[in-house]
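The block underneath contains the structure these notes are about, expressed in structure tokens.
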Amino acid sequence: MKQNVKKVVTESYLSLAEEMGWSGETDGAFDISIPKDVKFGDFSCNIAMILASRHKTKPRGMAEKLSERIRDSDLFSSVLVAGPGFINMTVKPIHWVERLKEILDADESFGCVDTGESKKVLVEFVSANPTGPLHIGHGRGAVVGDTLARIMRKAGYDVHTEYYINDVGLQMDNLGRSTIARCFESLGKSFDEPPYKGDYIKDIARRFLETKDADLFSESDDKLVEQARDFTASCIMDDIRADLKEFRIEFDEWFSEMSLHTNGDVEKTIEILKENNHIYESDGALWLKTESAGDEKDRVVRRANGVTTYLASDIAYHKNKFDRNFDTVINVWGADHHGYVPRMKAVVKALGRDPSKLVVRLVQLVSLKKSGQSLSMSTRAGVFATLREIMDEVGVDATRYFFLMRSSDSQLEFDVDLAKKQSSENPVFYVQYAHARCCNIFVTAREREIDPAPFDKNIDLSLLQGKDELALIRKLLELPDVVESCAISLQPHPVTQYLTEVSSLFHYFYRHNRVVTDDPALTRARLFLTKAVRIVLRNGLDILGVNAPERM
RNA sequence: GCGCCCGUAGCUCAGCUGGAUAGAGCAUCGGACUUCUAAUCCGAAGGCCGCAGGUUCGAAUCCUGCCGGGCGUACCA
């Protein structure tokens, strides 16, 4: 609808400009907005205030002239100039109501837009080290990344999702040593303090022992560490995959850091950067020039002992990403990695690629609120809730929804008690209940043997012009705008807000109007509306990866 | 020190590509069930939008400087 309005305004402006001898287009430099207050109509436009100075005229006067032309359109029931020069437009109710058909026709694809123009986008997220179970911080990043991918698919992008497995490096060796230490411990032998102290290592150590003969421990230390490392990492990755699957997150690809070493990509990439004079040697180590591209200092890619750093792998990984010709490469990172952003931008530049095509979406930390107490996550203090624990306690739907309610830029306090409530105080139940209500209305209609196929062309939609109905309809038609704006801003949280608004308007409508009545024509029209509400709620919840139950 | 994020109702947070009287949920208080689910709805109360300047027709929103909180500042990943 907004597009239609914008078109009318633009055409009116161009016709006025021609008459007045003004040059230039509108440049799209004005907004059609939905006013907060209904008394300002359905749409408001600031074009006169934006463009008046350009033509050395007064906003108010220009708005008056424009509104005369806009009034020629059949779309509006009223066009008024207000305040400093706003043009407030009210669309004829019948035009709103008629558009319900679009929702029913589009059905599952209602909400889809084509802003993405099939551009190829890579979304890399989670990518947690396989050194322990996912915690709720990872969980937030996981849902944000996953939902972003879902939104961008709806917005017409060609999306590829990926999990980068950091299965190489010092930390991984430490992981192997931790398992070995627990093995020795369970065999009653003396052991070194394990770098990773979590209980999950004990369990893995037990399984590791089962697969090995006791004489394994006569093997060389290096070989043993390697075996323990790979075994442990693979156990933990299995758990991570299982957790994510249950959390309704699937990846197109699980990308192993190790593979970049075994296929020689890391060395090859270093050679290329050396040849291009981006890498130099100092103190026996190889350094990448990142400072000149905005980083705080240059960074080591290969230590004096010949071992490459994490950054070296990441360079090769990002070269690989860009070689796959994505139009945009999105990385979803925990905010504790924000210092890494300039470095990565510098890497992309050194690779001869456009740094603006790398977009890093930072997701702030999560804390838990439980029984009135606030618990911040701290790995050091050993206080952290795993994703599995929270999923088991509050359920997947509420966990996902709560992770998506806030802007990624804000730290999130997860209210466990609220998330567990099965009542309208809980936003996710509020929305799901609205959906279930829609479904139940159809159950009632069937029970009363009302025309089972009411959605034919004979429905008199003009019966839906009540205030409650129009407010609801206007809101329903916003879904595509919400999808588009979320895809552009790379923020999923407005969807939750939108769904709350739709639900609220529907509950209100439901409470004050009966859908199934003795009036067949009205019943059919309202069933039509109810169907549209159901589609919007279901599609919206689907974007979030949250179930839309038919009964509750 | 430097960098990033945050500072809005009692609490948790939206709103930030500038727009008209600043919103939601929770908590508090008061109402509404012979009706398609009261798992709902209606109403009340609650605010120097951290502080101070600047930009302009207009600033919670943009700029500058402070103050407060979180995170980060590795040849770890």
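A, B, ... follow the sequence lines: proteins, then strands. Residue 1 opens every chain.
Here the SG atom belonging to A/Cys438 is positioned 11.0 Å from the CD atom belonging to A/Glu550, to the nearest 0.5 angstrom. Annotation: the span from A/Arg299 atom CZ to A/Lys297 atom NZ amounts to 5.5 Å, rounded to 0.5 Å.
Minimum atom distance to the side chain of A/Arg299 is reached by B/A74, of the listed B/U21, B/A74, B/C5. Checked against B/A77, B/C36, B/C6, the side chain of A/Val516 finds its nearest nucleotide in B/C36. If you check B/A39, B/G72, B/C13 against the side chain of A/Glu296, the one that comes closest is B/G72. With B/A39, B/U21, B/C75 as the candidates, the nucleotide lying closest to the side chain of A/Thr309 is B/C75. Closest to the A/His493 side chain, of the nucleotides B/G15, B/C4, B/C75, is B/G15. Here the nucleotide nearest the side chain of A/Lys369, chosen from B/C5, B/C11, B/A77, is B/C11. Set against B/C36, B/C13, B/A39, the side chain of A/Thr444 has B/C36 as its closest nucleotide. The nucleotide whose nearest atom lies closest to any side-chain atom of A/Asp336 is, among B/C71, B/A20, B/C5, B/C71. Checking B/A14, B/A38, B/C75 against every side-chain atom of A/Arg511, the shortest atom distance belongs to B/A38. Counting only heavy atoms from C-beta on, A/Asn166 has its side chain closest to B/A77 among B/C41, B/A77, B/A27.
Under the stacking criterion of a centre-to-centre distance below 5.5 angstrom and an interplanar angle below 30°, A/Phe86 sits stacked against the six-membered ring of B/A20. In this structure, A/Phe40 counts as stacked on the base of B/A20 under the 5.5 Å centre distance and 30° plane angle limits.
For residues 498-508 of chain A, proximity to RNA chain B is found at A/His507, A/Tyr508, defined as any non-hydrogen atom under 4.0 angstrom from a strand atom.
As judged by a 4.0 angstrom heavy-atom cut-off over every strand, A/Ala82 is placed among the base-contacting residues. Among the atoms of the strands shown, none is found under 4.0 Å from any heavy atom of A/Glu447. Base contact: A/Gln422 has a heavy atom under 4.0 Å from a base atom. The residue A/Arg302 sits apart from the nucleic acid: no heavy atom pair falls under 4.0 Å. Residue A/Asp415 is out of contact with every strand shown, counting any heavy-atom pair closer than 4.0 Å. When heavy atoms are screened at a 4.0 angstrom cut-off, A/Asp173 is found touching no nucleic acid atom at all.
For the pair A/Asp173 and A/Arg229, the salt-bridge criterion is met [side-chain N within less than 4.0 Å of a carboxylate O]. Ion pairing of A/Lys274 with A/Glu267 is absent here, as no side-chain N (NZ or NE/NH1/NH2) approaches a carboxylate O to less than 4.0 Å. Salt-bridge annotation for A/Asp298 and A/Arg343: absent, with no side-chain N of the basic residue lying under 4.0 Å from a carboxylate O of the acidic one. Comment: A/Arg474 engages A/Asp42 in a salt bridge, judged by a side-chain N to carboxylate O separation of less than 4.0 angstrom. Salt bridge status for A/Glu124 with A/Lys321: present, with a side-chain N to carboxylate O gap under 4.0 Å.
Nucleotides B/A74 and B/G69 are separated by 23 Å at their P atoms, to the nearest Å. Rounded to a whole angstrom, the distance from the C1' atom of B/U12 to that of B/G7 is 14 Å. Across B/G46 and B/C41, the matching P atoms stand 23 Å from one another, rounded to whole Å. Here the separation of B/G65 from B/C5, taken at their P atoms, is 14 Å to the nearest Å. Atom name C1', nucleotides B/A9 and B/A24: the rounded distance is 11 Å, in whole Å. For the P atom pair drawn from B/A52 and B/A14, the interatomic distance equals 24 Å after rounding to whole Å. The same atom, P, is picked in B/G50 and in B/G68; the two are 16 Å apart, to the nearest Å. Separation of the P atoms belonging to B/G23 and B/G70 is 32 Å when rounded to the nearest angstrom.
Taking the six-membered ring for Trp and thresholds of 30 and 60 degrees, A/Tyr317 and A/Phe255 have ring planes inclined between 30 and 60 degrees apart.
Here A/Phe251 pairs with A/Phe125, A/Tyr163, A/Trp254 under the ring-ring contact (aromatic ring centres under 6.0 Å, His included) rule; sequence neighbours left out.
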Quick one: which protein N/O atoms are closer than 3.5 Å to N/O atoms of nucleotides 54-63 of chain B? Pair and distance per line, please.
none

### Task
Take A/Tyr13 and A/Phe30, measure what ring-ring contact (aromatic ring centres under 6.0 Å, His included) needs, and give me the verdict at the end.
CA-CA 11 Å; A/Tyr13 171 78; A/Phe30 65 94; 7.7 Å; no
#### Entry: Audit row: A/Phe86, A/Phe40, ring-ring contact (aromatic ring centres under 6.0 Å, His included) steps and yes/no
CA-CA 9 Å; A/Phe86 288 105; A/Phe40 295 127; 7.5 Å; no
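Rounding to whole angstrom units, OH of residue A/Tyr401 and P of B/G25 are separated by 12 Å. Here B/G19 presents its P atom at 17 Å from CZ of A/Phe43, a figure rounded to the nearest Å. Separating the CG atom of A/Leu365 from the P atom of B/G70 is a distance of 12 Å, rounded to the nearest angstrom.
The side chain of A/Tyr430 places an N or O atom within less than 4.0 Å of a non-bridging phosphate oxygen (OP1 or OP2) of B/C41. Checking the phosphate oxygens (OP1, OP2) of B/C75, a side-chain nitrogen or oxygen of A/Lys297 falls inside 4.0 Å.
The partner of B/A20, taking Watson-Crick or G-U wobble pairs whose two distances both stay under 3.5 Å, does not exist in any strand shown. In this structure B/U34 sits in no base pair that meets the Watson-Crick or G-U test at under 3.5 Å. The partner of B/G72 is B/C2, by the rule that a Watson-Crick or G-U pair needs both atom distances under 3.5 Å. Within the shown strands, B/G65 is the pairing partner of B/C51 under the Watson-Crick or G-U definition, both distances less than 3.5 Å. Of all nucleotides present, only B/C29 satisfies the Watson-Crick or G-U wobble test against B/G43, with each distance under 3.5 Å.
In terms of polar N and O atoms assigned as donor or acceptor, the side chain of A/Asn174 never comes within less than 3.5 Å of the base of B/A77 in a complementary pairing. No hydrogens or angles were tested; on distance alone, nothing pairs the side chain of A/Ser410 with the base of B/A14 as donor and acceptor under 3.5 Å. Side-chain to base pairing of A/Arg437 with B/A39: no donor and acceptor N or O lie closer than 3.5 Å to each other.
Residues A/Asp397 and A/Gln432 have side chains that bring a donor and an acceptor to within less than 3.5 angstrom of each other.
With its glycosidic angle more than 90° from 0, B/C26 is assigned anti.
In plain terms, the two heavy atoms of A/His261 and A/Ser313 that are nearest each other are CE1-OG, 3.1 Å.
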